[in-house]
**Q** 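The structure follows.
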Amino acid sequence: MTESSGPIEAIAQALSCAIAAALGEQYRDTDLQIRPSQNPKFGDYQANFAMKLAKQLGSNPRELASKVADAAAEELAAIAEPLEVAGPGFINIRLKNQAIAHMLSSMDNQELGVTQQDDPHTIVIDLCAVNIAKQMHVGHLRSTIIGDALARILERIGRTVLRENHLGDWGLPIAMVLHELLEAKTNLDTLKLAELDSAYRKAQQKAKDDDAFLEAAKTTLVKLQNSDPQLIEDWHKLINCTLTALYESLEILNVKLTKENNRGESFYRDKLPGVIEAFTNAKLAKEDDGAMVVPFDTRERPLLIQKSDGGYLYATTDLAAIRLRTGQSNANRIIYVVDARQRDHFRDVFDAAKLIGWDKTPDGECAELRHIPFGSVLGPDKRPLKTRSGENVTLKSLLDEACERGESEVKKRASDPKAPTHGLSEAELKDIGTAVGIGAIKYADLSNDLVRDYVFDMNRMVRFEGNTGPYLQYAHARICSIFTKAGIDAGVLSSEQFAIGEPAERRLALTLLKYPDIIADVAKTLEPHRLCTYLYELADAYSSFYEHCPVLKAETDSIKRSRLKLCHLTRNVLSDGLDLLGIKAPTRM
RNA sequence: GCGCCCGUAGCUCAGUUGGAUAGAGCACCGGUUUCCUAAACCGGGGGUCGCAGGUUCGAGUCCUGCCGGGCGCGCCA
């Protein structure tokens, strides 16, 4: 039996050898297409390579499959029942229960079987990116939640991740609001978010109606860009006002993002002239109507990198950022979690970066530049979420609602004298409620294909049934309660053996064994909803197991201990998976 | 006008990157159950995968053309 590898690796190794033996060494690296079977009657796993390979060789796929299956029989005998060839040439593999138990032991450790990458390059994730000229609204929620989850997943496979909050803290909108605040003689030391919001709206309106205001704001921008000491000081006060609120919200959201992660547009301000210079020297940029543009062979519209008045644009900043991230931060993967409307922008910026070679790390590796486009959060009317008066919903009000709803769900259940949460203190219930409410909105955000819009429906998100965050948290809490009830510390089980017998145990075990592959898949595709789907499947398999297999009242002590180990491993995978989504898993709820 | 994205059950969504009879959850209908158990369980109906072609052993998935919805299209970020 192969050592400490998952089922797919073990099967793949045997089949590769078998193909090499039966067909020749040159076919050893054939893509075996091994995957879990959809239907139990097709075994636990299936290998689908025979059809394609037979085509290449001009032979019969069923015969080819049989030949390979025969050649693999001896090596696989230790872990699998005799292979079956079915349909046009599928090879169906059913694992022996003993092998399943052995493989479970292999993943029953700190890493839960997740393969660690030892790539010395970093990964940069560009996320959150709030505009500091106004209060945060619901639009900032997704970038932050998704970016944080992706960062956690990539850290989980052993990578060094640099989370960079690309704050909108520089440029005309900031100058405009700053100008408005100063003109109104607002005291910036006591600036409140509400004042800022109203100043922002006024400034936007004035800029439209009043040319003189716009000109004055542009003058303020020039002063700011020239580092006028007084103005810079005022600018810092403005930033602090929004950032203080941001960090409070991030704390509630359980997102790992602090001041250390600030890499706003202002951070790149002295690197912008160098961008134009580099593109000009490389003859990749040309003048067009007084502005500098980077033309592309494949399309009409070029990328504008400098305005005709000499000013820079956000494309310029993004290019400067790529240059720094590959060149100095040594990133071979740069991930932009920005809404889908900016697709064209990132395509242009990435192409421009490739033209000039800034996608290369110092050791010459080609970095992956990746935009993660996500859809909008919609209201019940299927239009982008707004308040009744037509304003953007503030992030704060959304989080408040989530926490309240979570708390009321938890308290409702705690009022039952039989509930494990009965009698907990107000503060404890509040903490659990926050975890539930925030878990609900995060899970709703992450559990479907990111690119799609979704309707924000608190009633559905907070339900304890169906594919929701609270359901998974509940599944986890219930397992915790078994150990409390049994009075057993899971640590004492470490020397015990897994034993797989009942169909429900088997299904749970096979689901557990998928976890390392799911994490590897999500780290590659950057599609967190696949992890959500998996965790739901796991909770479902566990639920069925728990329904059909008595744990504390198992027939024998060894079965009881094995089942407790299954419970424990399931709990660990659930809490690990939820943690990767940035969702807390309380032990009681 | 050009470009991009989306279209799967009544509703909300999956669909392992081209694999076997398209799956879940809500909702609906029928039955079982008071348990080691803190979400009860089992079964059932419900589908022209937007439409039409094409590629091949095989298409919800790939290519082309339509239809419908959303978004974006140089000196804002």
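Just so you know, these numbers use all the heavy atoms, side chains as well, and skip hydrogens, waters and symmetry mates. The chains referred to below are lettered A, B, ... by the order of the sequence lines, with proteins before strands, and numbering in each begins at 1.
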**Q** Can you check the Tyr542(A) OH to A38(B) P distance for me, whole Å?
**A** 11 Å
**Q** Given Tyr471(A) and Tyr536(A), is the ring-ring contact (aromatic ring centres under 6.0 Å, His included) satisfied, shown in steps?
**A** CA-CA 8 Å; Tyr471(A) 173 79; Tyr536(A) 182 67; 5.5 Å; yes
**Q** For Ile372(A) and C5(B), give me the distance from atom CD1 to atom C1', rounded to whole Å.
**A** 15 Å
**Q** Output the rounded distance in Å from CG (Asp289(A)) to P (C75(B)).
**A** 11 Å
**Q** Grab the CG-P distance between Asp348(A) and C73(B) for me, whole Å please.
**A** 11 Å
**Q** Expressed in whole Å, how much space separates the C1' atoms belonging to G7(B) and G44(B)?
**A** 29 Å
**Q** Can you find a side-chain donor-acceptor pair between Asp318(A) and Tyr268(A) that sits under 3.5 Å?
**A** no
**Q** Indicate whether OP1 or OP2 belonging to G74(B) is found under 4.0 Å from a side-chain N or O atom of Lys286(A).
**A** no
**Q** Assess the residue pair His166(A) and Tyr336(A) against the criterion (ring-ring contact (aromatic ring centres under 6.0 Å, His included)); give the C-alpha distance rounded to whole Å, side-chain angles, the decisive distance to 0.1 Å, and a yes or no.
**A** CA-CA 10 Å; His166(A) 200 73; Tyr336(A) 293 82; 7.8 Å; no
**Q** Considering only the P atoms, how many Å lie between G60(B) and U55(B), rounded to the nearest integer?
**A** 16 Å
**Q** Compare side-chain N and O positions of Arg347(A) against OP1 and OP2 of G3(B) and report whether any pair is under 4.0 Å apart.
**A** no
**Q** Return the value, rounded to whole Å, for the distance between atom CG of Asp126(A) and atom P of A77(B).
**A** 16 Å
**Q** Taking the nucleotide of RNA chain B with the closest heavy atom to each, which residue, Leu450(A) or Tyr471(A), is nearer the 5' end?
**A** Leu450(A)
**Q** Could you check whether Arg478(A) makes a cation-pi contact with Tyr542(A), meaning its NZ or CZ is under 6.0 Å from the centre of the six-membered ring and within 45° of the ring axis?
**A** no
**Q** Under 5.5 Å between ring centres and under 30° between planes: true for Tyr474(A) and the base of A38(B)?
**A** no
**Q** Using atom C1' in both nucleotides, what's the gap between C71(B) and A9(B) to the nearest angstrom?
**A** 28 Å
**Q** Tell me whether the ring of Phe90(A) lies stacked over the A20(B) base, given a 5.5 Å limit on centroids and a 30° limit on the plane angle.
**A** yes
**Q** Please state how far atom NZ in Lys52(A) lies from atom P in G58(B), giving the value in whole angstrom units.
**A** 14 Å
**Q** Quick check on Lys386(A): does its NZ atom have over 12 non-hydrogen neighbours (other residues, nucleotides or ligands) under 6.0 Å away?
**A** yes
**Q** U61(B) and A22(B): how far apart are their C1' atoms, nearest whole angstrom?
**A** 11 Å
**Q** Mapping Ala477(A) and Gln33(A) to their closest nucleotides on RNA chain B, which lands nearer the 5' end?
**A** Gln33(A)
**Q** Output the rounded distance in Å from CG (Asp31(A)) to P (G18(B)).
**A** 11 Å
**Q** Tell me whether the side-chain N/O atoms of Arg35(A) come closer than 4.0 Å to OP1 or OP2 in G19(B).
**A** yes
**Q** Between Arg383(A) and C71(B), does any side-chain N or O lie under 4.0 Å from OP1 or OP2?
**A** yes
**Q** Say you pick atom P in A59(B) and the same atom in A20(B); how far apart are they, in whole Å?
**A** 11 Å
**Q** Residues of residues 521-533 of chain A with any non-hydrogen atom less than 4.0 angstrom from an atom of RNA chain B: list those, numerically ordered, please.
**A** Thr525(A), His529(A), Arg530(A), Thr533(A)
**Q** At under 4.0 Å, does any side-chain N or O of Lys553(A) touch on OP1 or OP2 of C36(B)?
**A** yes
**Q** Who does G46(B) pair with, Watson-Crick or G-U, both distances under 3.5 Å?
**A** none
**Q** Considering Watson-Crick and G-U wobble pairs with both distances under 3.5 Å, what does C13(B) pair with?
**A** G23(B)
**Q** Whether the side chain of Arg478(A) and the base of U37(B) hold a donor-acceptor pair under 3.5 Å is what I'd like checked.
**A** yes
**Q** Taking the inter-plane angle between the rings of His345(A) and Tyr314(A) on a 0 to 90° scale, is it parallel (under 30°), tilted (30 to 60°) or perpendicular (over 60°)?
**A** parallel
**Q** Describe, in one word, how the ring planes of Tyr474(A) and Phe464(A) are oriented to each other, choosing from parallel (under 30°), tilted (30 to 60°) and perpendicular (over 60°).
**A** perpendicular
**Q** For G72(B) versus G15(B), give the span between their P atoms, rounded off to a whole number of Å.
**A** 26 Å
